[in-house]
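Heads up: numbering here begins at 1 and tracks the sequence. The figures here come from the full heavy-atom set of this structure, side chains too, leaving out hydrogens, waters and symmetry mates.
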Amino acid sequence: MLTTVVTGTVRCRFTLRELSSYFAIIVLLALCVGLEFTARRLTPPQSTPTAVANPAFRRFQSIFLRAYLLALWADWLQGPYLYKLYRHYSFLESQIAILYVCGLASCVLFAPFSGWLPQALGRRQTCLLFCVSYSACCLTKLSRDYFVLIVGRILGGLSTSLLATTFEAWYVYRHVEVHDFPKEWIPSTFNTVATWNHGLAVGAGLVANLLAEWLHLGPVAPFLLAVPCLGCCSWLVLTDWGKEEAERGSEGDKQTLILGAANGGVARLSAKERFSRSCHDGLRCLLSDRRVLLLGGVQALFESVLYIFVFLWTPVLDPHGPPLGIVFSCLMAASMVGSLLYRLATSTRYRLQPGQVLCLAVLMAFFSFFMLTFSTVPGQPRPHDSFLAFLLLELACGLYFPALSFLQGRVIPEEKRAGVLSWFRLPLHLLACLGLLALHGEVSGTGGGEGGGSTRHMFGGCAVMMLAALMAVISLFTLSRNDTDLRLEGCRGEGEME
């Protein structure tokens, strides 16, 4: 009788946790809808009417978005159950940490080449390379062999680097150099991408949960679904993008015209030279302007901590039985709420400056990790508090990314931005790797695992890093107190949302 009662109680508690996750996603989505209507009322659409009415631009934009959104969808599908999959294969937390480090290290290794490859191989061909490498990465998840999974993480690092640069490079090149559309129309496309990206992230969590838990197909199912999505993406790149290049001329023809007959046949060398010059100019800009250096410090500290969060959220919550796909959707919906709050905060009604929003976002992230150091005490876990802290962190992310994007656009010259951002990513990934290696060493040395104090110590370290990021933000705006470049003029700017 006692066993029955205890079992029934456990089942009841598990059901309540599931219901609380479903309730949270419903509330967050309703909040998103309400904020979207409010934001549209306070900030009327900023897109240029000419761009909206131009059929050639709309057609070109549609060709790009169909392929790019499929690539983003395939990427998001892999988020909710990656850690769970490795645990399903009975790997220890220290072993999983090494797998994550391999992915981050490959990002460090391939990040410089992701800017060079589109120039050397061609932008469309590099997009196809992304589809092939990411499909192979997903298929490696079928194996329980540790070495095969490491190879998969390396391929994932390459694919992530290509996704962050290659598709946008193809669009911007053809928008400006081939179609000769005004540069002012470019934000219209990427604002559309940002809006869809949040919705895709939320939807990916729901679909992953449907496959892995409701249909009982296991944590590998979302990765297998990503493969046909990537296949469709590569088909669109081959057909629609190929037709677009055939009608308007390929970038190889354009390169020949730009380089001239004297440079014919050395397009590969020219790409290397342009890449080297971009890195050199980016480093010189980084070292010569203290504002750029401080922004880079903020980005490295904040986003490296996010990589550690990506590793830790599953082992913190999963032992308590919530549906991970729904939890992932809740986190992404909280990020969407943050982005909508940014639009409201910087509207003509509230007139907050992006620098103020950035400071608020970093402070919220610090408070989130401070909460986590108390909610993950060994032997006394408080999963509901941890879940709320994670939601607060994602809300901070929704505020952080558009604010940082606006400030980078004002501080970093456009022609040097790619090189500077490449240098920003280097310490970012190195800090994340060091954090995960520290976690691996502590878990391996103490045998603590999820039940030990290593997770709590790591959250404490993340709080310290966020405090350092907050000091960097304060230093930046003390230095640039009267700098009009870092301020909005009357209404919300074009800060892009990620």
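W196 is listed as a side-chain neighbour of T192, based on a closest heavy-atom distance under 4.5 Å. With a 4.5 Å cut-off on side-chain heavy atoms, Y307 and L104 count as touching. The closest side-chain heavy-atom distance from I98 to L437 is below 4.5 Å. Here the side chains of F190 and E168 are in contact, with some heavy-atom distance below 4.5 Å. Using a 4.5 Å cut-off on side-chain heavy atoms (C-beta onward), S386 and F374 make no contact. For the pair T455 and E93, the minimum side-chain heavy-atom distance is below 4.5 Å. Using a 4.5 Å heavy-atom threshold, the side chains of C397 and F302 count as touching. Residues V305 and F369 meet the side-chain proximity criterion, which asks for heavy atoms closer than 4.5 Å.
With hydrogens and angles ignored, the 3.5 Å screen pairs no side-chain donor or acceptor of T346 with any backbone N or O of Q353. Here the side chain of S335 pairs no donor or acceptor atom with the backbone of L331 at under 3.5 angstrom. When atom types are taken as modelled, the side chain of R456 and the backbone of V377 share no donor-acceptor pair closer than 3.5 angstrom. Checking side-chain atoms of S405 against main-chain N and O of F401 turns up no donor-acceptor pair under 3.5 Å. In this structure, the side chain of H320 does not engage the main chain of H384 through any donor-acceptor pair within 3.5 Å. Under a 3.5 Å cut-off, the side chain of E394 and the backbone N or O of F390 do not form any donor-acceptor pair. Looking at Q299, its side chain never comes within 3.5 Å of a backbone N or O of G296 through a donor-acceptor pair. A donor-acceptor contact shorter than 3.5 Å links the side chain of S133 to the backbone of F130.
Atom CG of L70 is separated from atom SG of C131 by 9.0 Å, given to the nearest 0.5 angstrom. Atoms CG and CG, from L399 and L358 in turn, are 9.5 Å apart once rounded to the nearest 0.5 Å. To the nearest 0.5 Å, the span separating SG on C233 from CG on L163 amounts to 9.0 Å. A distance of 13.0 Å separates CZ in R410 from CG in L295, rounded to the nearest 0.5 Å. Distance check: S159 OG to L230 CG gives 8.0 Å after rounding to the nearest 0.5 Å. Here the CG-CG distance, from L28 to L35, works out to 10.5 Å after rounding to the nearest 0.5 Å.
Take Y89 and apply the side-chain hydrogen bond (donor to acceptor under 3.5 Å, both in side chains) test, not counting sequence neighbours, and it matches no residue. The ring pair (Phe, Tyr, Trp, His ring centres under 6.0 Å) search around Y100 returns F311, not counting sequence neighbours. For F110, the ring pair (Phe, Tyr, Trp, His ring centres under 6.0 Å) test picks out no residue, with sequence neighbours left out. Under the side-chain hydrogen bond (donor to acceptor under 3.5 Å, both in side chains) criterion, T140 pairs with no residue at all, not counting sequence neighbours. With sequence neighbours left out, E36 forms a side-chain hydrogen bond (donor to acceptor under 3.5 Å, both in side chains) with R40, R343. Considering only residues two or more places apart in sequence or on other chains, S304 meets the side-chain contact (heavy atoms from CB on, under 4.5 Å) condition with L431, A432, M465. Under the side-chain hydrogen bond (donor to acceptor under 3.5 Å, both in side chains) criterion, W76 pairs with N197, sequence neighbours left out. A search for ring pair (Phe, Tyr, Trp, His ring centres under 6.0 Å) contacts involving F387 returns nothing, not counting sequence neighbours.
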Passes ring pair (Phe, Tyr, Trp, His ring centres under 6.0 Å), Y81 versus F328? Steps please. CA-CA 9 Å; Y81 287 94; F328 182 84; 8.9 Å; no
Might you work through the side chain to side chain contact (heavy atoms under 4.5 Å, CB included) test for R153 and L82, ending with a clear yes or no? CA-CA 11 Å; R153 291 297 294 165; L82 180 60; 3.3 Å; yes
Does the ring pair (Phe, Tyr, Trp, His ring centres under 6.0 Å) test come out yes or no for F459 and F309, once each step is laid out? CA-CA 8 Å; F459 283 137; F309 153 72; 8.4 Å; no
Please report the C-alpha distance between T126 and T166 in whole Å, then the side-chain angles of each, then the deciding distance to 0.1 Å, and finally whether the side chain to side chain donor-acceptor pair (under 3.5 Å) criterion is met. CA-CA 7 Å; T126 310; T166 306; 5.4 Å; no
Worked check of side chain to side chain contact (heavy atoms under 4.5 Å, CB included) between L29 and V33: CA-CA 6 Å; L29 290 177; V33 172; 5.7 Å; no
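Aromatic ring orientation, H175 versus W185: perpendicular (interplanar angle above 60°, classes split at 30° and 60°).
Scanning all heavy atoms of the two residues, the minimum distance from G103 to S106 falls at O-OG, 2.7 Å. Counting all heavy atoms, side chain and backbone alike, F406 lies closest to P354 at CD2-CG, 3.3 Å. What you find for N209 and G325 is that their closest heavy atoms are OD1-N, 3.3 Å. The nearest pair of heavy atoms linking F477 to G355 is CZ-CA, 3.2 Å. Nearest heavy atom pair, residue S368 against residue A389, reads OG-O, 2.6 Å. Shown here for A365 and A396, the closest heavy-atom pair between the two residues is N-CB, 4.0 Å.
Within 6.0 Å of atom OH in Y146, more than 12 heavy atoms from other residues, nucleotides or ligands are found, so the atom counts as buried in its surroundings. Counting heavy-atom neighbours within 6.0 Å of F91 CZ, excluding the residue itself, gives a total above 12.
Listed by first then second residue, pairs satisfying side-chain hydrogen bond (donor to acceptor under 3.5 Å, both in side chains) with a partner in residues 395-404 read E303-Y400, not counting sequence neighbours. Residue pairs meeting the salt bridge (Lys or Arg N to Asp or Glu O under 4.0 Å) criterion with at least one member in residues 356-384, sequence neighbours excluded, are R382-D385. Identified under the salt bridge (Lys or Arg N to Asp or Glu O under 4.0 Å) test for residues 314-327, with sequence neighbours left out: K84-D318. Sorted by first and then second residue, the salt bridge (Lys or Arg N to Asp or Glu O under 4.0 Å) pairs involving residues 355-365 (not counting sequence neighbours) form an empty list.
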